[in-house]
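A quick write-up on the structure given underneath.
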Amino acid sequence: MRVFNTLTRKKEEFTPLREGRVGMYVCGITAYDVCHVGHARSAVVFDVVSRYLRSRGYDVTYVKNFTDVDDKIIERANREQTGIAEIAERFIAEHNQDMEALGVEPPTVTPRATEHIAGMIRLVETLLAKGLAYRVDGDVYFAVDKFPGYGRLSGRGLEDMLAGARVDVNEKKRNPLDFVLWKASKQGEPWWESPWGQGRPGWHLECSVMSQRYLGDSFDIHGGGEDLVFPHHDNEIAQSEAATGKPLARYWLHNGFVRVNSEKMSKSLGNFFTIREILKQYRPEVLRLFLLASHYRSPVDFSDAALAEARQGMERFYSTLKALRDQAAHGQAPPEGSATEREIVDHLAGLRGRFCEAMDDDFNTARAIGYLFDTVRLLNAALADKKAVLSRQVLTQAEQSLREIGAVLGLFGEEPDVYLRRDREAEAQKRGIDPAEVEALIAERRASREAKAWQRADEIRQGLAARGVVLKDSPAGTTWSIP
RNA sequence: GGCGGCAUAGCCAAGUGGCUAAGGCAGCGGUCUGCAAAACCGUUAUUCCCCGGUUCAAGUCCGGGUGCCGCCUCCA
């Protein structure tokens, strides 16, 4: 298995510190607002990473934190005349709902910053004792020039950064690039007792403490969005490694951004779509397929057209899954294996290998999904071939293979009938189509067809088609969909 | 200003120097169908932004250019 390591900017062979086990830490959200599609990407990407590692037999400990004390939380709490705990609690609950809806498996541990204040104070004390930090008026800062190799992850040296115009002006800092470990709380801000007075932790500190607490001084994978590379992850490295003298994480993985019209989706730009807003319009797996159809490090452009395309793809998968199941239920189960059956069995036997080959190459979900579509095409061809009746055994095996591999991507988890029904309901609602009316027209058309009144039957079909409703006649009756 | 990334068909997108450049969506032709839809078959990039170089061989490596994006401030 090879993974791209931000630290070296290369794909490297993945070797965990302890055989058979993987410790993974991913930076989670600051709980001050509902999650948008950008958060969904990070969550889905690392969900798939942990699912895949587990499917390869690793015992994965996945830690994802919640930042529940921070300027923005304080700001919102003040605005709403409530406490930061209430705000954090509320948005953590909202986050958890969104993740569950998206089919994201809960991480092994989901620690919160405020549960680890004591550990943070200890880490600051260690850094002070080692002379890597200094105190000013109740604040404690990390002295970046005392840590050789500061900025290694983002690939910038101190000189590079100082040359940049945009550095924080703060009189208290010895070096403009120093960052706060602990800050004295102002009037009305939440605070904890510390050796430096009443204060609160700096943002970077919590991840250093919580990763160490749950995964040890050194662990295998540290992940997050690419915007966290600098300064957050560089600062984590500085704090942790300065304190322990050991490398923090072996592999640093960063997912690319979700864009809107070629711009980063973000709160500050205001160009974001919340997860719940999208899930009103599309099945959760549509969003997952959209996100996983590109490599996790590439940017993806979010748009309704892109989601609509992913929806078509999911429709294709579920239609095949449904066809496999329907035919297995009604099939006559011929005993002898035909040439078509042998071809399918051979193909399925190799599918897992191809899937792993793609995923082993830095979690190439896009390629993996391509292989799944190959399988679908082969199966559809066999299903469409009336001469080649497939045995129940092969049909079931095909369905199981698809589901088993899909599960690693968090796809194909629904019953095909349920998926297709719900998908249609959402689409009907979106377009203001009344299902009862459609059913009534279908009944009228059936009567017309029975009377061979083709003109009226076609009129109904075309009328519905103009509104996006497509009818499909089969020996069992007429069904409808909104492609 | 400093640092970094990306550029592959109408669109999305994979592509680890070497057989015919995955896959999806959309389109077109056909099979099937009363007509359709779905599905299937066929078709859609002599070429991978431009220029130069390395190599027997480059979408893939190197240099230059152009365009887009990100980080350097909270940010997944």
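For clarity, every value in this text was computed on a predicted model and none was experimentally measured. Below, read A as the first sequence line, B as the second, and so on, with proteins coming before strands; counting in each chain starts at 1. Worth knowing before you read on, the calculation uses all heavy atoms, side chains too, and leaves out hydrogens, waters and symmetry mates.
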For this session: Would you give the length of the straight line joining atom CZ of A/F412 to atom OG of A/S401, rounded to the nearest 0.5 angstrom?
Result: 11.5 Å
Problem set entry | P spacing across the pair B/rA13 / B/rC69, given as an integer number of angstrom | 16 Å
Exercise. Salt-bridged, A/D473 to A/R449, with N to O below 4.0 Å?
Worked result: yes
Exercise. Excluding sequence neighbours, so at least two apart, what forms side chain to side chain donor-acceptor pair (under 3.5 Å) with A/W252?
Worked result: none
Exercise. Given atom NZ of A/K472 and atom P of B/rA38, what is their separation to the nearest angstrom?
Worked result: 9 Å
Problem set entry | Side-chain N,O (A/S298) to OP1/OP2 (B/rA14) below 4.0 Å | yes
For this session: Give the rounded distance in Å between these two atoms: CG of A/L177 and P of B/rG2.
Result: 17 Å
Exercise. What do you reckon, do A/F373 and the base of B/rG24 stack, with centroid distance below 5.5 Å and planes below 30°?
Worked result: no
Problem set entry | Proximity to the side chain of A/V258 - top-ranked nucleotide from B/rG34, B/rC12, B/rA76 | B/rA76
Problem set entry | Contact under 4.0 Å: A/N364 side-chain N or O vs B/rA14 OP1/OP2 | no
Problem set entry | Residue A/D227, side-chain atoms from C-beta onward, closest of B/rC72, B/rA76, B/rC40 | B/rA76
Problem set entry | Salt bridge flag under 4.0 Å for residues A/D361 and A/K11 | yes
Seminar exercise, completed: note: A/D304, atom CG; B/rC11, atom P; distance rounded to Å ~ 19 Å
Exercise. What nucleotide, of B/rA13, B/rC74, B/rC25, holds the atom closest to the side chain of A/K72?
Worked result: B/rC74
Problem set entry | Any N/O donor-acceptor pair, A/R461 side-chain to B/rA36 base, under 3.5 Å | yes
For this session: Between B/rC71, B/rC11, B/rC35, spot the one nearest the side chain of A/R156, thanks.
Result: B/rC71
Problem set entry | A/D33 bridged to A/R76 by N-O distance under 4.0 Å | yes
Problem set entry | Under 4.0 angstrom between A/R316 side-chain N/O and B/rA39 OP1 or OP2 | yes
Problem set entry | A/D385 (side chain) and B/rC40 (base): donor-acceptor pair under 3.5 Å | no
Exercise. Looking at B/rG70, does its base get a donor-acceptor pair with the side chain of A/E226 below 3.5 Å?
Worked result: no
